[in-house]
S.K.: 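Quick one: the structure is below, questions incoming.
These numbers come from the heavy atoms of this one structure, side chains and all, not from hydrogens, waters or symmetry mates. Just so we're clear, the structure is a prediction, and the values are computed from it rather than from any experiment.
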Amino acid sequence: MERFGAALLKSSAAAVAIAAGALCLRSLLSPSPAAADLSARAAKARASRDAARDAYKRSRLVAPWPAPSDHSPAAENMRHICSLNATALLEEMTAGRLTSVQVMRAFCSRALHVGERLDTNAQECFADALAAAEEADSARAAGRPLGALHGLPVSVKDQLDMAGCDSTCGLQVRCGAPAEHDSLLVKLLRDQGAIPFVRSNLPQCLMLPESANRIWGAARNPWDASRTPGGSSGGEAALVAARASPLGIGTDIGGSIRIPAHFCGVFGFKPTPDRISNRGVAVPRPGNRPSGQIAVKSTAGPFGRSVADLRLVMRAWLAGGGMSDSDVTCPRAGWAEAEPGKPRGRLRFGLLATDSFFDPSPACGRAVSEAAAALEAAGHEVVALPGEFYEAALLYVSLLAAEGGLQGFIDGLEGEELLPMYSFLLRIATLPALLRPALRWALRHLLGQPRMADLVHAGRRHSVHEYWRAISRRDVLRAELIERRGARLQLGAREGRLFTPSRREQVARAAARRARVPRAGRARLPTRAEHQAQPGLLVHLPVEQLPLPRRYRAGDDGARRRAALLVRLLRHPLRQRQGGGGRLGRPARRRAGGGVAVAGRALPRGDGCPRGGPPRRREAARDHAAGAV
């Protein structure tokens, strides 16, 4: 059987190589702009940005960010301004203690400083932003308020149209094609007095948990420059985390706001799709035409340093009906503001113990458990919910991969090559249809990888009938979810939230389940009180006790050889370095047990949380990021 499996995987590797060769031949024969021309466009865009940076420095329009040793009043004032969140900045400007020009100069200096070191910036509009700040101060002096965001700097992802700026989506072909008008979301922010001043970096084609492309380079995390800020709105999250922007605008379809917010330690919010307008939001497709993929929808949302900051953006977009008046496809839901001084009452929250597809990391499990405990301590109700999302996760993959071969992305690149970061997805997406059943069988029965087997099947090209069936199944699962969760939560309550669980419980349950231990014979899991008493406790098991199939444990060399063969089959040969002068394309380095370096010493991460460690250590890391990135 092992010989058969090895032969099958070797034949699979050959078939994948043939398919890859066919793709390369098609790309060579298809008419598209020359690669040299695309590279020249990207180089021109970078040169234009860098020339503007030099002009800012020579003219002193943007002052250099003060060195850590500079404690002059001007330097301390700049640091103080950039330490304030958006809500506090508005209060200071309204009270007359700060002017919009002072605030804008500080954030332009900080954004330039951070952008040169972390590649977070796409385009910088500092001159226009400072001119708008002067107008905002003049309007305030004349007693003419411009709106709820009067004079506040805002950064915008390089996907939302701004008049006079490219919306590249990380594609070289989009360079040198500036938008004629603001997107509706940017316009609504301007109508409330906000001032966009920098556009942030993002990944090629917007479908990676990184933020790297061949135009602006690879954005890095302000807490540790050897790591990624996440994606696809990673540049936004990094700017906000580094205190180079008080408020940012990103987009999200499968985590593009939530992943960077988590990686960088800031607040992010993904609104319900279709509630927020997509008018003027670019897509990585030829001619910026809609992709036609409407089964899983993207939406724009804010980044900030507090929940109150996120509320500022949502209120600016939704209050007064301006969005639904300008885009009739948006519901007239408006914005319901809580009455000042009125108690919110008791809320009901759902605690999701597992999604049955991917287990959360220990740090995430601990954080969510602590959040649930804090909610209960505040008098709210927390209801445990069963996690039954395995099929939903596979449907998500099926719907996004239905066209087959990542064809939409390849078309949108218009001659540019996909980054090596996409190589694994491309290999799965381009597997020949005749090969998929055999590879799926081998993954499930020879290698003990049922989830990978299901992903190989879900990532195939779908016929129209299969696609319609997937849409129907999505709607059925959604209805069942609403019915079951609604009954469980009794959704007459004010709110419901879903959380992830304690990793400790999931490991124990998975081990018992895979070992087929009867429920009566399973070890008792810790109670909530016990878990709260030791929230950071991790269970370390030897390989023989891990919840893995028997063939993967020590002593079974045949299974190890099969696993290695599978890895060679699916892994791209190119390994490229992100940042540090290396080649573009490799995901940012993730060192086990790493930490944030502050003043020459490493701060431990606790159980792996990017902002781990006691509060004093987190504050030291934050001060380091704010002062010496």
Side-chain angles (χ1 to χ4, degrees), residues 45-46 48-67 74-75 77-86 89 98 100-133 136 149 151-158 160 162 165-166 186 189 194-202 211 215-223 225 229 233-250 260 264 266 302-305 309 622 624-629:
R46 284 193 304 273
S48 176
R49 183 196 62 183
D50 294 343
R53 285 177 172 176
D54 293 339
Y56 293 143
K57 295 175 183 177
R58 288 195 305 269
S59 65
R60 304 288 294 182
L61 185 68
V62 177
W65 182 255
N77 187 51
M78 291 177 68
R79 294 193 187 99
H80 169 67
I81 289 173
C82 291
S83 70
L84 300 176
N85 63 27
L89 284 169
L98 290 174
S100 180
V101 170
Q102 288 177 318
V103 171
M104 187 60 71
R105 284 190 182 278
F107 277 103
C108 286
S109 174
R110 182 65 178 161
L112 180 59
H113 176 80
V114 170
E116 289 180 327
R117 286 154 180 79
L118 300 181
D119 289 327
T120 55
N121 304 356
Q123 295 168 281
E124 296 155 346
C125 316
F126 299 151
D128 293 341
L130 287 166
L149 306 178
L152 184 70
V154 176
S155 52
V156 179
K157 185 178 181 179
D158 192 23
L160 283 75
M162 283 174 50
C165 296
D166 299 337
V186 172
L189 293 177
I195 305 175
F197 74 110
V198 64
R199 294 174 65 78
S200 59
N201 204 354
L202 72 183
S211 293
I215 310 168
W216 314 117
R220 294 181 289 280
N221 195 306
W223 297 96
S233 305
E236 275 302 320
L239 282 170
V240 175
R243 295 179 169 175
S245 173
L247 208 58
I249 308 300
C264 295
V266 297
F303 286 95
R305 300 183 205 161
D309 292 353
R622 181 179 300 168
H624 171 74
V629 167

S.K.: Ser109 side chain to Ala63 main-chain N or O, any donor-acceptor pair under 3.5 Å?
M.R.: yes
S.K.: Of the non-hydrogen atoms in Tyr56 and Ala127, which two are nearest, and what is the gap between them?
M.R.: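 Closest pair (atom of Tyr56, atom of Ala127, distance): OH-N, 3.6 Å.
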S.K.: State the CG-CD1 distance between Asp119 and Ile215, to the nearest 0.5 angstrom.
M.R.: 13.0 Å
S.K.: What heavy-atom pair brings Ala238 and Pro229 nearest, and what distance separates the two atoms?
M.R.: CB-CB, 4.0 Å
S.K.: Just by modelled atom types, is the Trp223 backbone N or O under 3.5 Å from a matching donor or acceptor in the Asn221 side chain?
M.R.: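 Yes.
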S.K.: Do Val198 and Phe126 have side chains that approach each other closer than 4.5 Å (heavy atoms only, starting at C-beta)?
M.R.: yes
S.K.: How many angstroms lie between atom CG of Asn121 and atom CG of Leu239, to the nearest 0.5 angstrom?
M.R.: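 Nearest 0.5 Å value for the CG-CG distance: 5.0 Å.
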S.K.: What's the shortest heavy-atom distance between Arg110 and Cys82, and which atoms?
M.R.: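 Arg110 and Cys82 have their closest heavy atoms at CB-SG, 3.9 Å.
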S.K.: Which heavy-atom pair separates Ala67 from Arg79 by the least distance, and what is that distance?
M.R.: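 What the structure gives for the nearest pair is O-NH2, 2.6 Å.
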S.K.: Does Ser211 reach the main-chain N or O of Leu202 with its side chain, forming a donor-acceptor pair under 3.5 Å?
M.R.: no
S.K.: I want to check something: taking the side chain as every heavy atom from C-beta on, are Cys165 and Cys125 in contact at a cut-off of under 4.5 Å?
M.R.: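 Result yes, sub-4.5 Å side-chain heavy-atom pair found.
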S.K.: Shortest non-hydrogen contact from Gly235 to Ser200?
M.R.: C-CB, 3.6 Å
S.K.: Do the side chain of Arg199 and the main chain of Asp166 share a donor and acceptor less than 3.5 angstrom apart?
M.R.: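 Judged by distance alone, yes, a pair lies under 3.5 Å.
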S.K.: Looking at Ser155 and Ser245, what are the two nearest heavy atoms and their distance?
M.R.: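 Closest approach of Ser155 to Ser245: OG-OG, 2.7 Å.
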S.K.: In terms of ring plane angle, is the pair His113 and Trp65 parallel, tilted or perpendicular, where the classes change at 30° and 60°?
M.R.: tilted
S.K.: Would you confirm whether Arg105, through its side chain, and Val62, through its main-chain N or O, come within 3.5 Å as a donor-acceptor pair?
M.R.: no
S.K.: Please determine which of Asp158, Thr120, Asn201 meets the side chain to side chain donor-acceptor pair (under 3.5 Å) test together with Trp216.
M.R.: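 Checked Asp158, Thr120, Asn201 against Trp216; only one passes side chain to side chain donor-acceptor pair (under 3.5 Å): Asp158.
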S.K.: Any side-chain heavy atom of Pro153 sitting closer than 4.5 Å to one from Phe197?
M.R.: yes
S.K.: Tell me if a side-chain donor or acceptor on Glu236 pairs with a main-chain N or O of Val156 at a distance below 3.5 Å.
M.R.: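 At least one qualifying donor-acceptor pair exists.
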S.K.: Do any N or O atoms from the side chain of Asn85 and from the backbone of Gly304 form a donor-acceptor pair under 3.5 angstrom?
M.R.: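 It does not hold such a pair.
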S.K.: Have a look at Val103 and tell me which of Ile195, Ile81, Leu152 forms a side-chain contact (heavy atoms from CB on, under 4.5 Å) with it.
M.R.: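 Per the side-chain contact (heavy atoms from CB on, under 4.5 Å) rule, the option paired with Val103 is Ile81, out of Ile195, Ile81, Leu152.
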S.K.: Can you confirm whether Arg305 sits close enough to Val240 that some side-chain heavy atom of one is under 4.5 Å from a side-chain heavy atom of the other?
M.R.: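 SC-SC contact between Arg305 and Val240 confirmed.
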S.K.: Nearest 0.5 angstrom please: Ile249 CD1 to Lys157 NZ, how far?
M.R.: 11.5 Å
S.K.: Please list all pairs passing the salt bridge (charged side-chain N to carboxylate O under 4.0 Å, His left out) test where one or both residues lie in residues 51-60, with sequence neighbours left out.
M.R.: Asp50-Arg53, Arg53-Glu124, Lys57-Glu116
S.K.: How long is the gap from CE on Met78 to SG on Cys108, to the nearest 0.5 Å?
M.R.: 9.5 Å
S.K.: Looking at Arg117 and Leu112, would you say the former's side chain and the latter's main chain have a donor-acceptor pair under 3.5 Å?
M.R.: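 No.
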